[in-house]
Every structure is written in structure tokens, then in C-alpha cells.
Colleague: 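Mind looking over this structure? Questions follow.
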Amino acid sequence: MFLSVFDVFKIGIGPSSSHTMGPMTAAGHFLDLLRQHPSSHEAAAVGATLYGSLAFTGKGHATDRAVALGLLGWTPAELDPDEAERQLDALGTTHLLRLDGLPPLAFDPTTDIVFDYGPPLSGHANGLVFCARGATGAELLSETYYSIGGGFVVTAQEREAPPAAAAASSWPYPFATAATMLRMARESGLSIAQMKRANEVHRQSPDEVDRGLARLWSVMNGCIERGLGQEGELPGGLRVRRRAATIHRQLEAERLANRSQPHASTDWLSVYAMAVNEENAAGGRVVTSPTNGAAGVVPAVLRYYLDHCIGAEPEKVADFLLTAAAIGGLIKHNASISGAEAGCQGEVGSAAAMAAAGLCAVLGGSPEQVENAAEIALEHHLGMTCDPAAGLVQVPCIERNGIGAIKAVAAASLALRGDGSHFMPLDNCIEAMRQTGEAMNERFKETSLGGLAVNLPEC
């Protein structure tokens, strides 16, 4: 099993990796498939149908907008917000897509994107179907995609019969479980970050890895900085106000006046995380960590390490991200990072486990302590539902990232106080999360049909 750090952490846009980035990516894949079709020159119109969670919370997550942007040729990582908005406005008037390698295609986002509120597709809660038709209306090409969390997209065929992975022997350290990871660390004498780096440089140069990691942190930190400076209401109709900027000013004033309470450290963690998730809710540029809904936890803990931990070393940013990615890969491989599949335990729970592992590693933790930190953080998110109000990644998602960051730091600290030995292995905790998500009622898995989403103030 190998999942690159650049698969776990992907640069994209808000508000959702599964409901925004995934559908946008799927739209691009469909266009590529259509270009390869022998009768592509006969295509005259395209459309999309959203199912399951994509239908129920698609409006709040701007899924229809994401589909339109994908069909206009945009990708999450390369989106130019101003130019994309201009093209969307033009599409609303012309109802026509003009794309390289294809004839003009009729497409009206208001009618050609259908929200199907019936049963979800069988492969995943986040399903969507794209269809291309000829001039007579006859179907020319259709493909089903599933947005499985973290911006990852698979076709129905890939979901049912995943393509064979590269042979385990092709990677220096092919750990698919935490137990194997720890065994390989003991046998090699390497840290988790060193093993993860060895896997990364197996398929790209060390310089490419270093540049990629530096860019990830630059975007993460830039997102924090932008979020700390923005005020006003978030879009979507809930009239939720940004709070990070105000809280940040308060914390700075208290620090300058030497009036900080001992628990102010948790406020710093929260404000960093909230800054990211307010940016995400506004559709800004974020890094999936491992999802958009949980994008604030890892950056908040890493920023906390750099700005607040004694002896912090900027050179260790890469080790933090590599360690966190190793844990995220294990969770995705053996359970899920999708809120629509596992609830928020799969999103913020996974992010907290990743952040706890990263912090433990850069504070000098052994591989056993790192594994323990990840387990503690994940264990105390088990059962957490995904029930966003109005389908927006705002309530309770923004605060939930702050609390997840606090739990991550607490987990790392507890693990560092021990020798790495503990009762519940991380592998077992991941399996417990998988089972819990499988048993969780669909109303609590990103459909906004239960929990906080239906218990709103009547005013």
C-alpha cells in the first residue's frame, strides 16, 4: 500500500473535498473520456445527475457550481477565481461549452445538473453520473463516478474492481498497517518520516519531494494568514460571522500585555484552525488534510509547533507532514476519510490522528510513541457524526476543527509522557472507526437529515 503525501494533502478550493473538489475533478475526467470516444464529434450536449449526499447537501457545498467549473475545464489546484467567475457568468447566458478537442456542447447548469433525492447509488454515498448526448438527444456516452473523500474520485467500475496496485515489493517500506509500519521502523532503525520519504523518492526526485512539501506548507500557512485577516459573514444564508480575526486580535493584545491565561494555548490552536475553515467555507484555497471539512487541524497544530513550542525547528515541517501523511494513508486504506461514508470521525478524527502523530514526531517521539499519539487522538473522535447545518461546512465544522487540533496536541503530549506501549493498537482503533461508520445511520453521514442539522434555532 502506498499513498503519496501529495495524495493525502492536495491543494484545492473550498468548501468540500468530496462535494466540491471531487465533482469538479470527475467532470474533467468525463470530458477526457468523451474526447477519446470514437463518436465524440457527434456530441451536442452534456448533463450530470447527483445522488445521495451530493444531492442532499450539494447546494450547501456548491456542488453544482463545482460541476460547472469542471465542465468548463478547471481543476481544483489550478482554479483562477476571477476568470472562473467570468466564465460561469458567460455560461449562464450562452448555455454553451466551447472546449478544446470537442464540438460546442449545450449545457445549462440550472437545468442540466439534476439533484436526485431518491436512494443513493450502490457504490458510495457520493455518486454522480455524467451523460453526453447527440443532436437527436440519444445518449452517446455515460459514466458513473464516486467522490470518495479527500478529493479522490473513482468510476463505478474502479469502485467495484479496484485496479491492481503496484507490487508491495516495488516500494522500500510498503506498510499497509500500523503494526507493519512499526516493525519496519524497528528493523530499519528509521523514523516514520524517513520511511515515508524513502517511498516518496522512489518515484520522484528528492528535490521534487522537498519543493512539494514546502509548497504544501506555504499554502496551508497562507490560508491561516488570510483567515486571520478576514471579517464579515460567510456565504450560504446562515449568516455565520467570521470570528478568527477578532479572536486573533484579542490573543495578541493579551500576549503583549502579559495577561494571557494558561489555557490561552488552546485558543491559539482554535484560532489557527478556525481561520483555515472559515476560508474553506468561503470557497478559498486550502489543502485537503485529509479533507476540506477537516483542513484546519493539521495546519493549526503545525503552526502551533512553530510559533509556540520551545525548540521548534522549521526544518522539521517536512517530517511533520510526512508522518501525518503516513497515518492518513493507513486510515484511508483500512477505513475511510469520507464524512458521507464514516461521519466526522473519518474527517476531523483522521485529521487529529495525523496531526497528533506529526507533532509527536517533531517533538522527538519514537515510532511507537507516534503510533500511540495517533491512536489516542482517533479513539476520542469515534462515533462523531457529520451533520452540518444546511449542508454548509460551517456549523459545527469550523469550531470542530479547533477542538480537533486541541485533542491532537493533548494526544501527542500524553504519548510523549509514556514509552509507546499502550493497550489499544492504532490498527484496532481504525477498524473500530470503520465498523462504527458502517453502522451509523445515514441521517448522520453528511446528508443534513439528522443531528445538529435539524435542531436549529427557530428564528
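Quick note: residue numbers are just sequence positions, from 1.
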Colleague: Check whether T20 reaches the backbone of H61 with its side chain - one donor and one acceptor, N or O, closer than 3.5 Å.
Modeller: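 Judged by distance alone, yes, a pair lies under 3.5 Å.
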
Colleague: Can you tell me how far apart CG (D108) and CG (L97) are? Round to the nearest 0.5 Å.
Modeller: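 Reported to 0.5 Å precision, the distance equals 10.5 Å.
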
Colleague: Could R65 and E85 be called an ion pair, given the rule that one side-chain N must be under 4.0 Å from one carboxylate O?
Modeller: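 Judged by the 4.0 Å cut-off on N to carboxylate O distance, R65 and E85 do form a salt bridge.
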
Colleague: Could you work out, with ring-ring contact (aromatic ring centres under 6.0 Å, His included) as the rule, every residue matching H248, not counting sequence neighbours?
Modeller: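 W268.
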
Colleague: State, with a plain yes or no, whether a side-chain heavy atom of L269 is found less than 4.5 Å away from one of V301.
Modeller: yes

Colleague: Looking at every non-hydrogen atom in both residues, tell me the closest pair between S53 and N126 and how far apart they are.
Modeller: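 Scanning both residues, the minimum pair turns out to be CB-OD1, 3.2 Å.
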
Colleague: What's the separation between atom CG in L54 and atom CG in L121, rounded to the nearest 0.5 Å?
Modeller: 9.0 Å

Colleague: For F30, check ring-ring contact (aromatic ring centres under 6.0 Å, His included) against everything at least two apart and list the hits.
Modeller: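 Once residues adjacent in sequence are excluded, the partners of F30 under the ring-ring contact (aromatic ring centres under 6.0 Å, His included) criterion are F130.
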
Colleague: Evaluate L72 against F107 for side-chain contact (heavy atoms from CB on, under 4.5 Å), listing each step before the verdict.
Modeller: CA-CA 10 Å; L72 283 166; F107 175 67; over 6 Å; no

Colleague: So, using ring-ring contact (aromatic ring centres under 6.0 Å, His included) as the criterion, who are the partners of Y146 when residues are at least two apart?
Modeller: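 Testing Y146 for ring-ring contact (aromatic ring centres under 6.0 Å, His included), a comparison that skips the adjacent residues, returns none.
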
Colleague: Given the rule in the side-chain contact (heavy atoms from CB on, under 4.5 Å) test, do C223 and V287 qualify, once you have shown the distances and angles that lead to the verdict?
Modeller: CA-CA 9 Å; C223 186; V287 177; over 6 Å; no

Colleague: Determine the sole option in R285, R242, E225 for which the side-chain contact (heavy atoms from CB on, under 4.5 Å) test with E279 is passed.
Modeller: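 With E279 as partner, side-chain contact (heavy atoms from CB on, under 4.5 Å) holds for just one option, R242.
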
Colleague: Hey, is CD on E78 packed in by over 12 heavy atoms from elsewhere, all under 6.0 Å?
Modeller: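 No.
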
Colleague: For a quick test of reading the model, state the closest non-hydrogen atom pair linking G296 to N401 and the distance between them.
Modeller: N-OD1, 3.0 Å

Colleague: Do T57 and H19 get their side chains close enough for a donor-acceptor pair, meaning under 3.5 Å?
Modeller: yes

Colleague: Look at the side chain of T288 and the backbone N and O of V8, then say whether any donor-acceptor pair between them is shorter than 3.5 Å.
Modeller: yes

Colleague: Distance from L452 atom CG to R400 atom CZ, nearest 0.5 Å?
Modeller: 6.5 Å

Colleague: Rounded to the nearest 0.5 Å, what separates atom OG in S350 from atom CD1 in I337?
Modeller: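 Rounded to the nearest 0.5 Å, the OG-CD1 separation comes out at 7.0 Å.
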
Colleague: Got R35 and L99 here, is their nearest side-chain heavy-atom distance under 4.5 Å?
Modeller: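 SC-SC contact between R35 and L99 confirmed.
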
Colleague: Can you confirm whether M24 sits close enough to I13 that some side-chain heavy atom of one is under 4.5 Å from a side-chain heavy atom of the other?
Modeller: yes

Colleague: With rounding to the nearest 0.5 angstrom, report the CG to OH distance, L359 to Y304.
Modeller: 8.0 Å

Colleague: Could you check whether any side-chain heavy atom of Q394 comes within less than 4.5 Å of a side-chain heavy atom of P388, counting everything from C-beta outward?
Modeller: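 Sidechains of P388 and Q394: no contact.
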
Colleague: What pair of heavy atoms forms the shortest contact from I327 to A374, and how long is it?
Modeller: CG2-CB, 3.9 Å

Colleague: For the backbone of T155 and the side chain of E158, can you confirm whether one donor and one acceptor N or O come within less than 3.5 Å of each other?
Modeller: yes

Colleague: Is any side-chain heavy atom of L321 closer than 4.5 Å to a side-chain heavy atom of L302?
Modeller: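 Yes - at least one pair of side-chain heavy atoms lies under 4.5 Å apart.
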
Colleague: What residues, two or more places apart in sequence or in another chain, satisfy ring-ring contact (aromatic ring centres under 6.0 Å, His included) together with Y305?
Modeller: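 So Y305 forms no ring-ring contact (aromatic ring centres under 6.0 Å, His included) with any residue.
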
Colleague: So which heavy atom on C360 is nearest to which on A412, and how close?
Modeller: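 Between these two residues, the closest heavy atoms are N-CB, 4.0 Å.
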
Colleague: Out of V362, T323, L426, which one pairs with V370 under the side-chain contact (heavy atoms from CB on, under 4.5 Å) rule?
Modeller: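 One option only clears the test, and that one is T323.
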
Colleague: Pair T75, T25 - check side-chain contact (heavy atoms from CB on, under 4.5 Å), show working.
Modeller: CA-CA 6 Å; T75 64; T25 300; over 6 Å; no

Colleague: So, taking the atom named CG in D112 and the one named CG in D64, what distance separates them when rounded to the nearest 0.5 Å?
Modeller: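 Spacing of CG (D112) from CG (D64) equals 12.5 Å.
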
Colleague: For the side chain of N334 and the backbone of A176, is there at least one donor-acceptor N/O pair under 3.5 Å apart?
Modeller: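 Yes, because the side chain of N334 sits within donor-acceptor range (under 3.5 Å) of the backbone of A176.
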
Colleague: Quick one: does S289's side chain get under 4.5 Å of M220's, heavy atoms only?
Modeller: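 Yes. Closest side-chain heavy atoms under 4.5 Å.
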
Colleague: Sorted by first residue and then second, give each salt bridge (charged side-chain N to carboxylate O under 4.0 Å, His left out) pair with at least one member in residues 36-47; sequence neighbours left out.
Modeller: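 Every pair satisfying salt bridge (charged side-chain N to carboxylate O under 4.0 Å, His left out) with a residue in residues 36-47: there are none.
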
Colleague: Below 4.5 Å, heavy atoms only, C-beta onward: do E278 and Q230 meet side chain to side chain?
Modeller: no

Colleague: Which pair of heavy atoms, one from A281 and one from P235, lies closest together, and at what distance?
Modeller: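 Between these two residues, the closest heavy atoms are O-CG, 3.8 Å.
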
Colleague: Tell me the salt bridge (charged side-chain N to carboxylate O under 4.0 Å, His left out) pairs involving residues 435-446, sequence neighbours left out?
Modeller: R434-E438, E442-K445

Colleague: May I ask you to test the I148-S338 pair for a side-chain heavy-atom distance under 4.5 Å?
Modeller: no

Colleague: So which atom in L105 and which in V46 form the shortest heavy-atom distance, rounded to 0.1 Å?
Modeller: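 The pair with the smallest heavy-atom distance is CD1-CG1, 3.9 Å.
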
Colleague: Are E200 and L322 close enough, and set up right, to give a side-chain contact (heavy atoms from CB on, under 4.5 Å), and what steps lead you there?
Modeller: CA-CA 9 Å; E200 296 290 343; L322 288 165; 4.2 Å; yes

